[in-house]
Every structure is written in C-alpha cells, then in structure tokens.
Amino acid sequence: MNLAASYTLRVTQTQAAQPRELPSTWNPADVEAELYQRWVAAGYFTADPASDKPPFSIVIPPPNVTGSLHIGHAFEHTLMDVLTRRRRMQGYDALWLPGMDHASIAVHALVEKQLRDEGIDHRELGREGFLDRVWQWKEKHGGAILSQMRRLGDSVDWSRERFTMDDGLSRAVRTIFKKLYDDGLIYRAERLVNWSPDMRSAISDIEVEHKEVEGELVSMRYGDGENSIVVATTRVETMLGDTAVAVHPDDERYRHLVGTEIELPLTGRRIPVVADTHVDPEFGTGAVKVTPAHDPNDFEIGQRHDLPMLTIMDEQGRIAHTGTEFDGMDRFEARVAVRERLREQDRIVAEKRPYLHSVGHSSRSKEPIEPRLSLQWYVRVGPLAKAAGDAVRDGRVEVHPPEMAKRYFDWVDNLHDWNISRQLWWGHRIPIWYGPNGEVVCVGPDEEPPTGDGWHQDEDVLDTWFSSGLWPFSTMGWPDDTADLRRYYPTSVLVTGYDILFFWVIRMMLMGLYAMDGEPPFRTIALHGMVRDAHGKKMSKSAGNTVDPLEWMNSYGTDALRFTLARGANPGADSPISEEWVAGSRSFCTKLFNATKFAMMNGARVPDALPARSGLTDADRWILDRLDQLVSEVDELLEDFQFAKATEALYHFTWDEFCDWYLELSKVQLDAHTERAESTREVLGYVLDVLLRLLHPTIPYLTETLWTTLTGRESVVIADWPAPSGEQADPGAAERIAAVQKLITEIRRFRSDQGLKPGQRVAARLGGIAELGLDGHVAAVRSLARVTEPADGFTSSASIEVGLTGGTVAVELDLSGAVDVEAERKRLAKDLAAAEKELSGADKKLGNPAFTGKAPAEVVDKIRVRRETALADIERINARLAALPQG
RNA sequence: GGGCGCAUAGCUCAGCGGAAGAGCACUUGCCUUACAAGCAAGGGGUCGUAGGUUCGAACCCUACUGCGCCCACCA
C-alpha cells in the first residue's frame with residue numbers, strides 16, 4: 001500500500017453533512033451514543049461474504065447470558081476491536097461476530113434460586129415449566145452486556161449475533177453429537193464424577209477449584225488384636241462405605257494380613273486387606289482405607305481388586321443405604337457423629353486438628369464437591385487431543401506469546417475423557433433415547449426419535465462447553481455449507497485470556513479440527529493476561545478491589561478507558577489498572593482534541609498530496625519523517641499484538657513530539673505569513689490525518705469526531721490505514737531539529753536556574769548559530785526560549801555554551817544584573833563533576849587494551865567521541881567558572 | 001508434589017550484552033491566547049542477594065531469598 005492508493009481510496013467517501021467545527025471542549029458523553037448508532041446504521045461493521053476484499057474474522061468469546069460488562073471484558077473487547085478496526089481500515093472484509101453463551105449451570109442456578117425465593121420448588125414446575133421460566137428470564141434480563149458492548153464501541157457485526165441455544169446452534173450440537181457417537185467417540189460409563197450436592201449434578205474437572213482447608217486427620221483402628229490395622233482419613237464418615245484396607249505389597253508389617261478379612265467397625269461388615277502398589281508405605285501407618293464409591297484413588301484400587309462399590313450417600317450428600325443410625329445425616333454432620341461413635345468404641349488412635357489439606361470445591365456453588373459414582377456420558381478425547389496438539393506443534397495454529405504454547409501442550413497432552421452430561425434442564429438435551437428393552441439410540445437432528453411404549457429421552461443436558469466448543473463454526477451456519485462458513489472459517493485470530501485456554505480454547509480445537517476435516521478454528525491464538533488492580537492484585541469482590549468500567553466510561557469517556565487498557569496490554573502478561581490512569585488517558589484525549597482545534601483554528605487542511613519536500617522547513621521534514629517511522633512502528637507492533645508498545649509510541653509521538661515541539665515550531669512558521677505558513681498548514685493537516693487514523697482503532701469516538709471535522713469526510717471507520725509516505729527521510733533535518741531542541745532546552749534551563757519568569761524577556765546573542773547551519777532557526781529559538789534580539793545598549797552579562805554536533809553555540813544574555821552568581825557557580829560545578837566523571841569513565845575504557853582490542857569499532861569510536869566532548873566541556877566550564885565574579 | 005513466571009525510581013511497568021527509561025507521584029516557577037485535564041525546569045535507582053562467564057552484565061550461567069500463577073487422587 002502506498003500513499004497514492006491511500007488517498008485515492010478515500011475520495012470514494014462522501015462528504016459529511018456536518019459543520020467543520022469542533023465543540024469548545026471534548027465531552028465524550030455528547031457524541032458516543034450517536035456516533036455508534038451512525039456506524040451501525042451505515043453498515044460499517046457488517047461483513048460481506050460477496051466482497052472481493054480479503055476476509056478477516058474473529059468470533060467473540062461469548063459472554064454468559066447472565067453477565068454484565070466487567071473490566072476483563074472491556075479489556076478483551078478493546079484488544080479485539082483494535083485488531084478488527086485496523087484490519088477493516090487495511091481493506092479487509094472484517095467480521096467480528098458477537099453472541100452469548102447460555103451458561104447452563106449459572107442460569108439454571110439463578111432461575112432455581114429465583115423460584116425458591118418465590119417459594120416454588122423448580123422440580124414441581126417440571127422441565128417444560130422450568131424452561132419457560134428460563135426463557136422468560138432471558139428475554140427480560142439476559143444480555144445486559146450487549147448494550148454495554150455498544151457503549152464500548154465494539155465494531156461487531158450485529159446482523160450475525162448468535163446465542164448458543166439458537167435453533168441453528170442447537171442443530172450443530174445435535175449434528176456433532178451424532179457424528180461423535182457414530183464414530184465411537186461418545187460412550188456412557190459409570191465412574192466417579194465430581195458431584196455437586198447443591199446442584200445435584202455432575203460438574204466437570206475444570207469447574208472444581210482446589211482450596212486449602214482446615215480439616216482433621218483421624219487415625220482409627222480396624223479389626224482386633226493381632227489382626228488390627230490403623231488407617232488415617234480426613235473423611236471419617238466415608239468409612240461406612242469402605243470395602244477394603246490396602247497396604248503396599250512389600251510392606252513386611254502387614255504381609256501376614258494380606259488376604260485376610262478384618263472387621264469394619266460400626267457396620268458389622270468384614271472387609272479384605274489387599275496389596276496395592278499405589279499405597280505409600282512411608283505415609284502415615286502405611287495402610288489405607290478403601291472407599292471405592294467416594295474417592296477417586298480408592299475407585300481405582302477397587303477396580304484393580306474387583307471390590308464392591310458401596311454408594312453411601314444420596315444425591316444431596318446425605319448418608320444413605322448404610323442401614324446404620326447415620327442414614328439421613330448430612331455428610332458433615334455424619335463426620336462428627338461417626339467420629340464420636342468410634343471414640344466411644346475406643347477405635348480412635350490419634351487425631352490431628354486442624355489438619356491443612358486440599359479439597360475440591362465447586363466453582364459455582366462453592367461447596368466441597370463429593371466424588372460420586374454415577375452413569376454419565378463421555379467424549380473419548382484421545383484422538384481429538386492428538387490432532388489438537390499436532391495443529392499447534394506443526395505451526396498451523398500459532399500461539400502468542402509463544403511461551404504459552406507450553407501450557408497448551410501440558411493440557412492437551414494430559415486430557416482425560418470429557419464428562420459431558422449434566423443433571424440439569426437448561427441446556428442442550430442429550431439426544432439419546434432409551435428403549436423398553438435396553439436399546440440405546442442416538443437421534444440425529446433431522447431424524448425422528450423412536451416412539452412407542454417405554455421409549456424415553458435421556459434426562460440430562462450437555463456441558464455448556466460442549467456447545468461453546470463449536471462456536472467458531474456453529475455461528476457461521478455449520479453443518480450447512482454456508483457462504484459465511486466458507487469465507488470466515490478458520491477465523492483469523494482468537495483473543496482470550498490465558499485462564500480460559502483450557503476451558504474453552506482446547507474444546508474449540510478438539511471440535512473444530514474434528515468437525516471441519518482437520519481445519520483448525522483459528523490461525524492464531526492471542527492470549528492476554530488478567531486485569532488487576534493498581535498494585536497488581538487480583539480483583540475480587542471479597543477483596544473489594546473490583547472496578548466498574550461503565551462508571552469510568554461515564555466519568556472519563558470510553559476512549560480514555562480503551563486507551564488505558566490498550567496501554568497496559570503486554571502479551572500474555574497481567575495488566576494493572578487504576579482510575580488515575582484512566583484520568584491520565586482522558587488528559588491525552590483532551591490534548592489531542594486541543595491540538596486538532598489549534599491546527600484547525602490556524603487553517604490546517606489535509607492536502608490531496610503531500611507538499612514537495614524541497615519547499616518544506618526542517619521542522620516539517622522532521623515531523624514527517626518521524627510520522628513515517630511511527631506508522632511503520634505502530635504497524636509492526638500491532639501485527640505482533642504488542643498493544644502496550646504501540647499505544648505508548650502513539651502517546652509519545654502525539655504529546656512529546658507533535659504537540660510539545662512541532663506545534664510550537666509551527667507557530668513561528670505560521671507567524672511568518674509566507675508560503676511557509678501555507679505548507680505548514682498542509683503538514684499540520686497531513687500529520688493529524690495520519691495520526692488520527694493510527695489512533696482510531698484504540699480511541700474510535702474522539703478520532704471520528706476530529707477526523708470527520710478535519711477532513712470533511714464521512715467516517716474514519718472506513719478510512720484507509722496509514723502507510724509510510726514513501727518519501728526519502730532527511731536525517732539532516734532531524735539533526736538540526738535535535739540541535740534546536742537542545743539549544744532551546746539549555747537556554748530554558750539556564751533561565752530556570754537564574755530564576756527568570758517565563759514571561760520575562762531577555763535579550764540574547766546567539767553566537768555561532770549560522771556556522772552550524774541553524775540560521776534558519778533563529779526565530780524559532782528566540783520564540784521558544786523567549787530571548788529577544790540584542791538591541792542597542794546590549795551588554796553580555798552571562799553566557800552559556802551549548803555543545804552541539806559540529807560545534808557550539810555561545811549564548812550571551814543581557815540579564816542586566818539579574819544573574820544569581822552563586823546559583824550559576826553551583827550549576828557549573830555540577831556540570832563539571834559530571835563531565836569529569838564522564839572523562840574518567842572513558843579513559844578507563846580506552847586505556848584497557850582488552851576493550852579496544854575486542855569491542856566493535858563503532859563502540860570504541862563512540863567512547864572516543866564521548867571523551868572528546870567531555871574534555872571540551874571541562875575546558876569550557878572551567879573558563880566560565882574563572883570568569884565569574886569572586887565572592 | 002510437579003511445572004511456569006516475576007524481582008529495575010515512591011507506585012505500576014518497559015528495557016534483556018555496549019553511557020539506567022516511561023507513565024503516575026514528588027520539587028520549583030508559570031493562568032506564556034490550542035490545552036492549568038496545561039507549560040517549563042528539576043530531584044530520585046550500587047537494576048533482589050552471592051558467585052561465575054565476558055574487554056564489558058540490569059541483560060547470559062549457577063545457587064539462594066522473596067513473591068505470584070498453573071497443574072496434581074497423597075490417605
């Protein structure tokens with residue numbers, strides 16, 4: 001892309017029917033809603049599969065239908081929007097597809113609680129009645145986040161909004177379930193699952209959080225006398241379901257007991273002692289009680305030794321079926337009761353309390369999960385996981401930042417079969433029918449389920465992640481062969497947090513590769529970190545350090561929030577955020593607003609073509625060269641997902657270079673009332689045009705306001721992404737501007753040291769400035785450093801020498817007795833010390849033959865130059881010191 | 001128990017082999033007609049500790065210390 005192209009394309013935009021005037025101040029709230037509506041109405045965000053542009057696509061990580069916008073969303077959406085808007089400007093047919101997840105468990109729990117508050121047991125309503133309520137809830141309260149996304153400025157294609165419970169997506173679920181079933185990749189098995197007694201449903205491994213809790217470790221004696229053995233447990237109540245005691249096969253202490261049976265207290269049962277290598281003879285007593293139906297380890301031991309599996313709890317976690325006095329007790333109640341009974345029987349050998357250990361909790365209901373033996377449907381992930389690993393290993397899918405790939409492999413290579421059934425009602429019902437004679441039939445989406453006496457459908461629904469795993473293609477019409485699917489799948493990039501890598505990304509990889517004949521769901525996985533508070537702490541409700549992005553948008557504007565978020569986004573790393581920083585970003589927006597206002601007040605206009613460089617000043621050439629560099633830099637950084645660095649570069653250019661220097665220098669040029677003033681207006685317009693386009697993906701509202709006013713064109717949303725001008729850079733101009741900046745800064749420092757007020761004009765003679773080729777900059781130096789031309793009666797009462805490349809400028813000032821000699825002496829002494837330190841450092845290096853011999857020539861040269869400069873400085877400063885009046 | 005990451009200015013972070021950087025905070029002076037949500041000037045760091053490699057280390061290696069995260073069925 002070159003400049004010519006970028007300008008030609010823009011001409012196709014219509015002239016905006018609005019006044020070319022800016023409000024006096026930047027009030028985001030006044031324009032945001034209106035601009036967003038206009039963008040949507042104009043169809044800018046609507047992808048077009050028939051277009052001849054190259055496609056670019058992102059699917060949104062679907063937020064829960066229960067959700068509202070939190071800072072994490074705002075962060076993730078900002079990044080996605082920056083990518084999407086940039087691609088759109090680059091001439092891609094950009095699709096960012098929005099939607100929501102039905103969030104099976106979350107919604108089920110929410111509506112269930114609502115009903116409970118109304119005094120209704122959801123089971124009484126029945127499945128149909130309950131689902132009616134859920135849909136009612138969804139229509140009324142669901143999807144608050146969608147309007148908040150509009151507020152954020154997300155350039156999503158609303159015409160393609162999807163919900164995981166849509167008919168189309170449900171059909172995709174049915175289709176892939178059937179395919180997996182027919183391929184033998186779905187099976188039913190009775191295993192231990194993570195059971196939530198509160199939800200009365202299985203939950204998946206990833207919904208289990210392990211937390212350190214203070215429990216107890218109780219050692220108790222089974223059997224009697226010679227034939228007794230001591231076992232330890234943190235869950236005394238499960239002894240009611242013990243069906244063995246296990247010891248290590250090589251353990252001499254218990255060898256005589258292996259194969260015998262001992263008495264299990266309180267139950268009247270006798271259980272065998274078995275030998276199993278799983279047991280660690282070093283831990284505790286070296287003997288383990290085995291409860292196959294209530295502990296994952298014990299389950300495996302049970303399988304190996306063909307032990308009975310006694311389920312001693314009901315689905316709500318109450319002791320049941322034991323035929324003991326404990327039946328009906330809650331599991332925690334029973335823990336105490338059983339321990340007390342054992343103590344009475346003198347079975348307790350030791351107790352450790354508190355005993356810290358890790359217990360799995362439901363991430364949903366926060367209660368300890370209960371391993372429970374139950375019949376569930378599983379996906380056999382082995383072959384799918386292999387493909388998912390290979391796709392990243394062979395580079396078809398790129399993980400960014402690359403270090404994160406390790407984590408991906410850790411997970412994908414160690415996947416267990418995936419339990420996909422949930423004992424809930426809200427979700428995709430498992431399409432399995434059972435017949436009266438034990439038949440099991442999987443019914444595809446376009447097939448009729450079997451009818452007749454005794455046939456019934458499985459009661460359970462699928463894990464939420466089952467349907468979200470299909471998201472990149474189910475949203476595009478799969479299983480139909482649609483234009484969208486052909487064009488936008490695989491998606492270009494997936495933007496998501498590293499915390500969701502396992503939950504969601506891997507599921508999409510498994511399902512995408514499987515359903516789409518080996519085509520992965522995305523080319524690149526771009527992982528970002530978590531938003532944290534100002535001190536890097538994790539945000540949580542309990543810590544009270546959460547923030548509300550909407551509040552900040554109200555106070556500082558959406559752009560300020562987005563700019564702050566982008567500025568903190570280093571790949572894969574967590575980003576702290578605080579209100580102060582958002583306020584700082586608002587300042588940036590105000591600065592840009594004022595700069596544009598200034599330029600327009602001074603007649604800045606965007607030229608059809610850049611003025612010939614030969615007619616431009618050094619300042620013009622310098623800022624244009626810097627702008628070219630900025631364009632390339634920002635482009636490369638964004639291509640590499642380096643949002644923070646790209647944003648930083650834009651900030652620095654805008655504020656420190658464009659505003660602080662170019663605008664100030666341009667004032668001098670504008671005052672000249674020559675052709676120079678005219679070309680300066682064009683350069684101002686040109687730089688702002690490019691700069692606003694570069695900033696647009698990050699701060700869309702402000703840039704739209706400024707750009708349309710500046711250019712009179714329709715919208716920056718559909719403007720072209722800037723390309724470097726293609727002009728030859730002029731390093732000479734840059735060097736001269738650097739010299740001018742240094743000269744001005746030195747004079748300002750001197751003035752400040754002398755305590756001169758900014759408004760106080762003093763005369764100065766700039767000796768040697770012409771010899772350095774800076775004579776064209778005298779007016780600028782005088783204006784920015786606030787020194788006037790020497791008039792009659794000028795007496796030099798102070799002078800400073802400013803060392804510049806190629807020589808020095810002697811600045812003589814007429815301070816008319818205003819010089820503070822002591823301050824000057826102090827300043828010079830400080831400079832002298834610095835120069836001497838510099839000299840000795842350089843001498844040390846250059847005196848070291850190892851250095852001069854081994855270091856690259858340019859490094860040695862640099863040091864030599866540094867030494868020369870230091871020497872000259874010392875001489876100059878000494879002369880100045882000598883010239884100062886004594887006393 | 002395994003794995004990964006981080007320790008740089010008061011705070012939050014860049015830099016990752018050749019003179020210590022940014023934003024915010026701080027000090028001083030200014031309402032200088034784009035901007036006080038601002039301008040100008042300035043102070044502040046033996047780059048966690050101890051070794052090693054190198055002419056040269058914030059940067060590479062080793063150990064240690066302190067944080068953080070992820071995974072895991074130690075009764």
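To find a chain, count down the sequence lines: A is the first, B the second, and so on, and within it residues start at 1.
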TODO: Would you kindly check whether a donor in the side chain of A:Glu664 faces an acceptor in the base of B:A40, or vice versa, at under 3.5 angstrom?
DONE: no
Open item on the list: Under 4.0 Å, heavy atoms only, any strand: does A:Lys845 hit a base, just the sugar-phosphate, or nothing?
Closed with: nothing
Task: Side chains of A:Val338 and A:Leu240 in contact at under 4.5 Å (non-hydrogen atoms) - done: yes
Open item on the list: With a 4.0 Å cut-off on N to O distance, would you call A:Lys352 and A:Glu216 a salt bridge?
Closed with: no
Task: Modelled atom types, side-chain donor and acceptor of A:Asp276 and A:His248, under 3.5 Å - done: no
TODO: Strictly below 4.0 Å, heavy-atom distances to any atom of RNA chain B: list the hits from residues 294-303 of chain A, or just say none.
DONE: A:Asn297
Task: Earlier contact from the 5' end, RNA chain B, for A:Val859 and A:Asp660 - done: A:Val859
Open item on the list: With a 4.0 Å cutoff (strictly under), does any side-chain N or O of A:Lys667 reach OP1 or OP2 of B:U32?
Closed with: no
Task: B:G45 to B:A36 separation - C1' atoms, rounded to the nearest Å - done: 31 Å
Open item on the list: Can you check the distance between B:A75 and B:C64, where both ends of the measurement are the C1' atom (answer in whole Å)?
Closed with: 34 Å
Open item on the list: Can you tell me which nucleotide in B:G15, B:A22, B:C70 comes closest to the side chain of A:Lys538?
Closed with: B:C70
Open item on the list: In whole Å, measure the gap between the C1' atoms of B:U8 and B:A20 for me.
Closed with: 9 Å
- [ ] In whole angstrom, give me the gap between the P atoms of B:A25 and B:A19.
- [x] 31 Å
Task: Value in whole Å for how far the P atom of B:C13 lies from CG of A:Asp574 - done: 9 Å
Open item on the list: Quick check for you: among B:C70, B:C55, B:C13, whose closest atom lies nearest to any side-chain atom of A:Pro576?
Closed with: B:C13
TODO: Please determine, for the side chain of A:Met601, which listed nucleotide (B:U12, B:A34, B:A41) has the closest atom?
DONE: B:A34
TODO: Rounded off to whole Å, could you give me the CG-to-C1' distance for the A:Asp533 and B:U12 pair?
DONE: 10 Å
Open item on the list: Given B:A40, B:C24, B:G38, identify the nucleotide with an atom nearest to the side chain of A:Arg748.
Closed with: B:A40
Task: Nearest-Å distance once atom C1' is located in both B:C74 and B:U53 - done: 43 Å
Open item on the list: For RNA chain B, please output the secondary structure as dot-bracket, reading 5' to 3'. Pairs are Watson-Crick or G-U wobble, both atom distances under 3.5 Å; mark crossing pairs with [ ], other-strand partners with |, unpaired with a dot.
Closed with: ((((((((.[[[[.)..(..]]]].(((((.......))))).....[[[[[..)....]]]]])))))))....
Open item on the list: Can you identify which nucleotide, out of B:A41, B:A34, B:A22, has its nearest atom closest to the A:Arg749 side chain?
Closed with: B:A41
TODO: Without swapping roles, check the side chain of A:Asn414 against the backbone of A:Asp410 for a donor-acceptor pair under 3.5 Å.
DONE: yes
Open item on the list: Whether A:Arg748 and A:Glu746 form a salt bridge (side-chain N of Lys/Arg under 4.0 Å from carboxylate O of Asp/Glu) is what I want to check.
Closed with: no
TODO: State whether A:Arg751 places a side-chain N or O below 4.0 Å from either non-bridging phosphate oxygen (OP1 or OP2) of B:A41.
DONE: no
Open item on the list: Closest approach to the side chain of A:Asp280, judged atom by atom: which nucleotide of B:G18, B:C11, B:A75 is it?
Closed with: B:A75
- [ ] Write down the distance between CD (A:Glu403) and P (B:C16), rounded to a whole number of angstrom.
- [x] 14 Å
Task: Any donor-acceptor N/O pair under 3.5 Å between B:A37 base and A:Arg586 side chain - done: yes
TODO: Using a heavy-atom cut-off of under 4.0 Å over every strand shown, decide if A:Trp26 touches base, sugar-phosphate, or nothing.
DONE: nothing
TODO: Using a 4.5 Å cut-off on heavy atoms from C-beta on, say whether the side chain of A:Arg751 contacts that of A:Arg749.
DONE: no
Open item on the list: Can you see whether A:Thr647 engages A:Lys645 through a side-chain donor-acceptor pair at a distance of less than 3.5 angstrom?
Closed with: no
Task: Residue closer to the 5' end of RNA chain B, A:Cys659 versus A:Asp656 (nearest nucleotide) - done: A:Asp656
Open item on the list: Rounding to an integer number of angstrom, what distance separates B:C24 and B:G18 when you compare their C1' atoms?
Closed with: 31 Å
Open item on the list: Categorize A:Ile863 for me: base, sugar-phosphate, or nothing, with a 4.0 angstrom heavy-atom threshold over every strand shown.
Closed with: nothing
Open item on the list: Under 4.0 Å, heavy atoms only, any strand: does A:Ala534 hit a base, just the sugar-phosphate, or nothing?
Closed with: sugar-phosphate
Open item on the list: Please check: side-chain N/O of A:Asp533 versus main-chain N/O of A:Gly536, any donor-acceptor pairing under 3.5 Å?
Closed with: yes
TODO: Counting heavy atoms from C-beta on, name the nucleotide in B:C55, B:A75, B:U12 closest to the side chain of A:Val288.
DONE: B:A75
Task: Between C1' of B:G15 and CG of A:Asn570, the distance in whole Å - done: 11 Å
Task: Residue A:Asn594, side-chain heavy atoms: nucleotide from B:C11, B:A41, B:A34 that is nearest - done: B:A34
Task: C1' spacing across the pair B:A72 / B:A14, given as an integer number of angstrom - done: 35 Å
Task: No-H, no-angle donor-acceptor pair, A:Ser752 side chain to B:A41 base, under 3.5 Å - done: no
TODO: Figure out the CG/P separation between A:Asn414 and B:A72, and round it to whole Å.
DONE: 9 Å
Open item on the list: It should be established whether A:Trp655 places a side-chain nitrogen or oxygen under 4.0 Å from OP1 or OP2 of nucleotide B:C39.
Closed with: yes
- [ ] Give the rounded distance in Å between these two atoms: CG of A:Leu756 and C1' of B:A40.
- [x] 13 Å
TODO: May I have the distance from A:Ile577 (atom CD1) to B:U12 (atom C1'), rounded to whole angstrom?
DONE: 12 Å
Task: Nucleotide of B:A14, B:C55, B:C69 approaching A:Lys854 most closely (side-chain heavy atoms) - done: B:C55
Open item on the list: Classify A:His278 by what it touches in the nucleic acid, base, sugar-phosphate, or nothing, heavy-atom distance under 4.0 Å.
Closed with: base
Task: Parallel, tilted or perpendicular, as decided by the 30° and 60° cut-offs, for the rings of A:Phe643 and A:Phe641 - done: tilted
- [ ] Report yes or no: is the cationic atom of A:Arg347 (NZ for Lys, CZ for Arg) under 6.0 Å from the centre of the six-membered ring of A:Tyr222, at an angle within 45° of the ring normal?
- [x] no
Open item on the list: Check this for me, if you would: do A:Lys667 and A:Glu664 make a salt bridge, where the nitrogen-to-carboxylate-oxygen distance has to be below 4.0 angstrom?
Closed with: yes
Open item on the list: Counting distance alone, no hydrogens or angles: does the base of B:A19 have a donor or acceptor under 3.5 Å from a partner atom on the side chain of A:Arg866?
Closed with: yes
- [ ] Using the C1' atom as the reference point in each nucleotide, state the distance between B:A9 and B:G42 in Å, no decimals.
- [x] 15 Å
- [ ] Calculate the interatomic distance between A:Lys757 atom NZ and B:C39 atom C1'; express it in whole Å.
- [x] 15 Å
TODO: Using only heavy-atom distances, determine whether the side chains of A:Ser24 and A:Lys597 contain a donor-acceptor pair under 3.5 Å.
DONE: no
Task: Member of A:Arg864, A:Arg866, A:Arg867 meeting the salt bridge (Lys or Arg N to Asp or Glu O under 4.0 Å) criterion with A:Asp843 - done: A:Arg867
Open item on the list: Heavy atoms only, 4.0 Å cut-off, all strands: where does A:Tyr498 land among base, sugar-phosphate and nothing?
Closed with: nothing
- [ ] Looking at every strand, decide which applies to A:Pro371 at a 4.0 Å heavy-atom threshold: base, sugar-phosphate, or nothing.
- [x] nothing
Task: Under 4.0 angstrom between A:Ser578 side-chain N/O and B:C24 OP1 or OP2 - done: no
Open item on the list: For A:Leu702, is there any backbone N or O sitting under 3.5 Å from a side-chain donor or acceptor partner on A:Asp559?
Closed with: yes
Open item on the list: What's the closest nucleotide to the side chain of A:Lys591 if the choices are B:G18, B:G38, B:G23?
Closed with: B:G38
